[in-house]
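To keep things clear, I will list the structure first and then write my remarks on it.
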Amino acid sequence: MYGATVEPIEDAQTDDNRLREFEARIARGEKIEPGDWMPDEYRRQLIRMISQHAHSEIVGMLPEGTFITRAPTLRRKLILLAKVQDEGGHGQYLYHAAETLGATREDMLDALLSGRAKYSSIFNYPALSWADMGAIGWLVDGAAILNQTMLAKCSYGPYARAMKRICAEENFHKRQGQDIVITLATGTPEQKVMMQDAINRWWWPTLMMFGPHDTDSPNSAVLIRWGIKTKTNDELRQMFINQTVPELLALGLTIPDPDLRYDEESGNWRIGPINWDEFWQVVKGNGPCNQERMDARRRAHEDGRWVREALAAYAEKQSGT
Ligand code: BYC
């Protein structure tokens with residue numbers, strides 16, 4: 001009887017001590033590794049974020065994938081093919097990172113294919129012209145780099161290390177986007193119109209990629225407390241705006257925001273209101289391409305079934321079971 005009442009108190013004290021030590025390690029800048037003690041909520045938040053990130057990479061292959069056969073030159077085709085392959089590779093690193101926390105590949109894929117899992121809102125918009133390859137590379141990859149450079153310093157070792165490798169490749173992705181944008185923006189009048197149209201369509205969805213305003217971001221507080229995020233959604237969004245606006249304007253392109261203005265006092269470019277209704281509609285599955293994206297992923301999963309079965313059968317044969 002005595003033991004039964006004492007044990008939970010000891011457990012609670014042990015957990016308090018573990019939490020203190022865990023937080024002290026994060027404060028010292030140490031990485032948390034897979035076998036280390038961690039709060040359940042830290043594990044849950046990481047699995048949520050890393051698996052959503054992995055899904056985003058895989059679904060993110062689709063808008064650009066449709067242009068591999070339509071690239072204007074062989075060189076552009078090779079570059080785009082390499083970029084889309086890189087994205088598949090990023091998905092693999094990230095699924096592995098989530099597996100180190102106990103998530104299984106089957107559960108993560110099931111969550112994606114059944115529509116339970118989120119993935120980045122940005123990939124539910126259509127890629128309509130070759131200029132979109134430039135806009136995705138410059139804007140979408142540019143936004144992703146800012147977010148991922150932050151995550152490369154996060155407290156969880158496997159995620160931070162995956163991010164370092166991914167960021168190196170993302171920089172190449174952004175460069176190829178910039179190269180397309182510069183070529184079209186300084187090309188024929190028709191090319192410039194095509195480029196401007198792509199910027200007009202991708203600008204606002206890219207700003208939404210950073211997530212809701214800090215006041216509406218329920219996960220940020222705990223992610224920042226435990227060193228997963230070190231910057232807020234709004235801080236990263238503002239960094240992106242300040243970096244990108246002058247570069248696009250310098251090319252003679254415009255930003256589709258009548259309220260855009262430079263604030264001398266703070267040194268920030270100020271934007272008009274973001275359409276959060278549109279964002280939440282897209283996140284809930286009602287964006288322009290959500291259905292198409294999920295159909296494509298489900299089809300690919302079915303098409304790959306025989307490969308998974310053959311591999312499983314081979315592994316079973318090898319192990320002699
Ligand atoms: N889309 O509390 P909040 C790439 C959700 S791929 C959809 O602020 P958090 C690339 C959020 O999940 C790059 N959902 O969340 C690939 C949460 O719902 P749950 C993708 C979004 O986690 C191919 C709710 O809204 N990058 O670069 O603190 C080609 C409340 O939000 C979005 C990553 O995944 C969104 N945009 O902050 C080219 C980076 N935003 O989960 C390029 C890793 C928010 O509670 N993720 N939500 O049900 C992150 O850094 C953070 O999760 C976010 C959101 C900044 C995205």
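Atoms within a ligand are numbered from 1 in the order they appear, just like the ligands themselves. Predicted model only: the values in this text are computed from it and were never measured.
Applying the 4.0 Å criterion to heavy atoms of Gln52 picks out, from ligand 1, the atoms 12 (O), 41 (O).
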Item to complete: Dump the intermediate steps for salt bridge (charged side-chain N to carboxylate O under 4.0 Å, His left out) on Glu302 and Arg299, then the final yes or no.
Response: CA-CA 5 Å; Glu302 274 313 304; Arg299 226 176 15 252; over 6 Å; no
Discussion item. Could you walk me through whether Glu235 and Lys229 satisfy the salt bridge (charged side-chain N to carboxylate O under 4.0 Å, His left out) test, starting with their C-alpha distance in whole Å, then the side-chain angles of each, then the deciding distance to 0.1 Å, before giving a yes or no?
Written reply: CA-CA 11 Å; Glu235 283 168 348; Lys229 275 180 175 178; over 6 Å; no
Item to complete: Apply side chain to side chain donor-acceptor pair (under 3.5 Å) to the pair Asn268 and Asp263, showing each step before the final yes or no.
Response: CA-CA 5 Å; Asn268 288 318; Asp263 177 23; 5.7 Å; no
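Residue contacts with ligand 1: Asn233 is placed with a nitrogen or oxygen under 3.5 Å of a nitrogen or oxygen of the ligand (distance criterion only). Considering backbone and side-chain N/O atoms, Pro212 never comes within less than 3.5 Å of an N/O atom of ligand 1. For ligand 1, the polar-atom distance check finds no N/O of Tyr159 at less than 3.5 Å from any of the ligand's N/O atoms. For ligand 1, the polar-atom distance check finds an N/O of Ser121 within less than 3.5 Å of one of the ligand's N/O atoms.
At a 4.0 Å heavy-atom cut-off, ligand 1 does not touch Val282 at all. Contact annotation for Ile122 and ligand 1: no heavy atom of the residue comes within less than 4.0 Å of the ligand. Under 4.0 angstrom from ligand 1, the non-hydrogen atoms of Tyr119 all belong to its backbone. By the criterion of a heavy-atom distance under 4.0 Å, neither the backbone nor the side chain of Met61 is placed next to ligand 1. When non-hydrogen atoms are compared, ligand 1 lies under 4.0 Å from the side chain of Phe279 (C-beta onward) but not from its backbone.
What you find for Val282 and Pro288 is that their closest heavy atoms are CG2-CD, 4.4 Å.
Distances shorter than 4.0 angstrom occur between a heavy atom of Leu151 and an atom of ligand 1.
Partners of Ile271 under the side-chain contact (heavy atoms from CB on, under 4.5 Å) rule, at least two apart in sequence or in another chain, are Trp204, Leu207, Ile241, Asp257, Leu260, Ile274.
Geometric assessment of Arg165 against the ring of Tyr93 yields a positive cation-pi assignment under the 6.0 Å and 45° thresholds. No cation-pi contact links Arg175 to Phe172, judged by a cut-off of 6.0 Å to the six-membered ring centre and 45° from its axis.
Heavy-atom proximity to atom 4 (C) of ligand 1, evaluated over Lys231, Met208, Glu57, is greatest for Glu57. Counting heavy atoms only, Glu87 comes closest to atom 23 (C) of ligand 1 of the residues Glu87, Lys118, Glu170. In this structure, of Asn219, Leu223, Val84, the residue bringing a heavy atom nearest to atom 17 (C) of ligand 1 is Asn219.
By the definition of a contact as any protein heavy atom under 4.0 Å away, atom 33 (C) of ligand 1 is in contact.
Residues Glu64 and Val140 are not in side-chain contact: their nearest non-hydrogen atoms beyond the backbone lie 4.5 Å or more apart.
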